[in-house]
There are 2 protein chains.
Amino acid sequence: MTGGLADSPPDTEVANRDRLVTAATESFASKGFHATTTRDISSAAGMSQAALYVHYPSKEEVLYLICRTGLEELHSVMVVASQGATDPADGLGRVARAFAVWHAEHTALAKVANYELSALTPEHWQVVRECRHRIELCFREHLQQGMGTGAFSVSDAHMTTFSIISMGTDIARWYRPDRTWTVDQVADHYAAMVLRLAGAEHGRGGDEPQR
Amino acid sequence: MTGGLADSPPDTEVANRDRLVTAATESFASKGFHATTTRDISSAAGMSQAALYVHYPSKEEVLYLICRTGLEELHSVMVVASQGATDPADGLGRVARAFAVWHAEHTALAKVANYELSALTPEHWQVVRECRHRIELCFREHLQQGMGTGAFSVSDAHMTTFSIISMGTDIARWYRPDRTWTVDQVADHYAAMVLRLAGAEHGRGGDEPQR
DNA sequence: GTCTATATCCCGATAGAC
DNA sequence: GTCTATCGGGATATAGAC
């Protein structure tokens, strides 16, 4: 870019950029943004403290990047999961499952994107807020769709949506991969609970079409 | 205590102690422990920065006091609420209701006691951890009791307990008193959702005894 | 792009007068 | 118990050599 003849950038540069973000995500998740120093991040990435400022203008910008890209990825996963759903319960279940899988597989990222937002600048907080709103809408729209068809029975879609999201995001706080449950078990249980919250139990037999 | 003749302590002393804790709770909740300075706390309480150290040995001790007393109070509220329950569903519903009311009425305290724990010393964290465990047990015992009698239908008591607590604690993050819902509405909705998670719907009629 | 060294600032906690 | 003043340490971010 700056005038060299070689046009294949050395891999170490992008690797360093990425390692900084990875290290920051882990530290922000475990100790919190303000308890994490730029030395923590840089040394975990195998670099000097000053090297961080070559790649990112400030510690807060690193946080912003983590939150924004993380939530955009989460939203994308949810949208993809909902494609091809056959009915509201199927759609809500798919989205819930994807939500749980993502939170179980990206616990550090999820914790940062959910619990460190108060450290963002007002401008960055606005952007992240919109990401969160889209995710919220994704759940609520599925919920309201089923309420329209009679597949669900929900007294308040907003509060129910909050509860669904609370249950799911908190998976990132209590789930440990090396423990009692697999990611699939957690996701299955979560999806079942979401459908219970939606009041989606068709009688008790299970799959029989409603007559 | 220190030798004075008067034995009625001036009210301002206890008031100052309390105001420091109140101010710290608010600031820890909104900005986080590490983003809060001792000057923030003291000035919000109307005192100089050094005055904090007359009443508490360190900022971390203030956090510890807030978390411990807060969680003990919450547990106490839950125990009292469960007294006089007629059956498992009634008991779980009462505990859930109390849990929701407390979180809606003490949003700052609840946020600190749930999301600032990583700033505690290892020793203090152990104590707070036990408080949290008792609260968790309170829910899980009611759940398992109903599973024993057949009143509830739950595939995994531990995961369901986590979800119940996640839904409830997160009320402190989204509930605003001056908004759409009253505390009672939130508590009613939460209790109903908890019973859904427990699978406590007896058929569909409601109260009829199971035959 | 990475490093060492440093500027600048602010924090938690203490000292000592009143 | 409260205050003003300050110590010692460590934070973010920058400067400048390589």
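Predicted model only: the values in this text are computed from it and were never measured. In the text below, chain A, chain B and the rest are named by the order of the sequence lines, each starting its count at 1.
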ring-ring contact (aromatic ring centres under 6.0 Å, His included) contacts touching residues 88-112 of chain A (sequence neighbours left out) | A:Phe99-A:His103, A:Phe99-A:Phe139, A:Trp102-A:His106
Quick one: salt bridge (charged side-chain N to carboxylate O under 4.0 Å, His left out) pairs with a partner in residues 160-173 of chain B, sequence neighbours left out?
-> B:Asp170-B:Arg173
For nucleotides 8-13 of chain D, 5' to 3', base contacts (B), sugar-phosphate-only contacts (S) and non-contacts (-) with protein non-hydrogen atoms under 4.0 Å give ---SBB
Separation of D:dG1 atom P from B:Tyr56 atom OH, nearest Å, is 11 Å
For B:Thr107 and B:Ala172, work out which heavy atoms get closest and say how close.
-> CB-O, 3.6 Å
For residues A:Thr160 and B:His189, is any side-chain donor paired with an opposing acceptor at under 3.5 Å?
-> yes
Residue-level proximity of residues 117-125 of chain B to DNA chain C when a heavy atom falls under 4.0 Å = none
Compute whether any side-chain donor of one residue and acceptor of the other, for A:Thr22 and A:Arg17, lie under 3.5 angstrom apart.
-> no
Rounded to whole angstrom units, what separation is found between the CZ atom of B:Phe28 and the C1' atom of C:dG12?
-> 12 Å
Might you point out which heavy atoms bring B:His142 and B:Phe152 nearest each other, and give the distance in Å?
-> O-CE1, 3.5 Å
Can B:Thr38 and B:Gln49 be counted as having a side-chain donor-acceptor contact under 3.5 angstrom?
-> yes
Okay, side chain of A:Tyr175, backbone of A:Trp181: is any donor-acceptor separation there less than 3.5 Å?
-> yes
Option passing side-chain hydrogen bond (donor to acceptor under 3.5 Å, both in side chains) with A:Lys31 (candidates A:Asp40, A:Thr36, A:Thr37) | A:Asp40
Length of the line joining A:Asp18:CG and C:dG1:C1', which is rounded to integer Å | 16 Å
Of all pairs that satisfy salt bridge (charged side-chain N to carboxylate O under 4.0 Å, His left out), the ones with a partner from residues 53-77 of chain A, not counting sequence neighbours = A:Arg68-A:Glu72
Let me know the distance between CE of A:Met47 and P of C:dT2, rounded to the nearest Å.
-> 4 Å
Which angle, rounded to 10°, do you find between the first-five-pair axis and the last-five-pair axis of the helix from C:dG1-D:dC18 to C:dC18-D:dG1?
-> 10°
Checking all strands, does A:Ala50 fall into the base, sugar-phosphate, or nothing category for heavy-atom contacts under 4.0 angstrom?
-> base
For B:Ala98 and B:Ala81, work out which heavy atoms get closest and say how close.
-> CB-CB, 3.5 Å
In whole angstrom, give the distance that lies between atom CD1 of B:Ile41 and atom P of D:dT2.
-> 15 Å
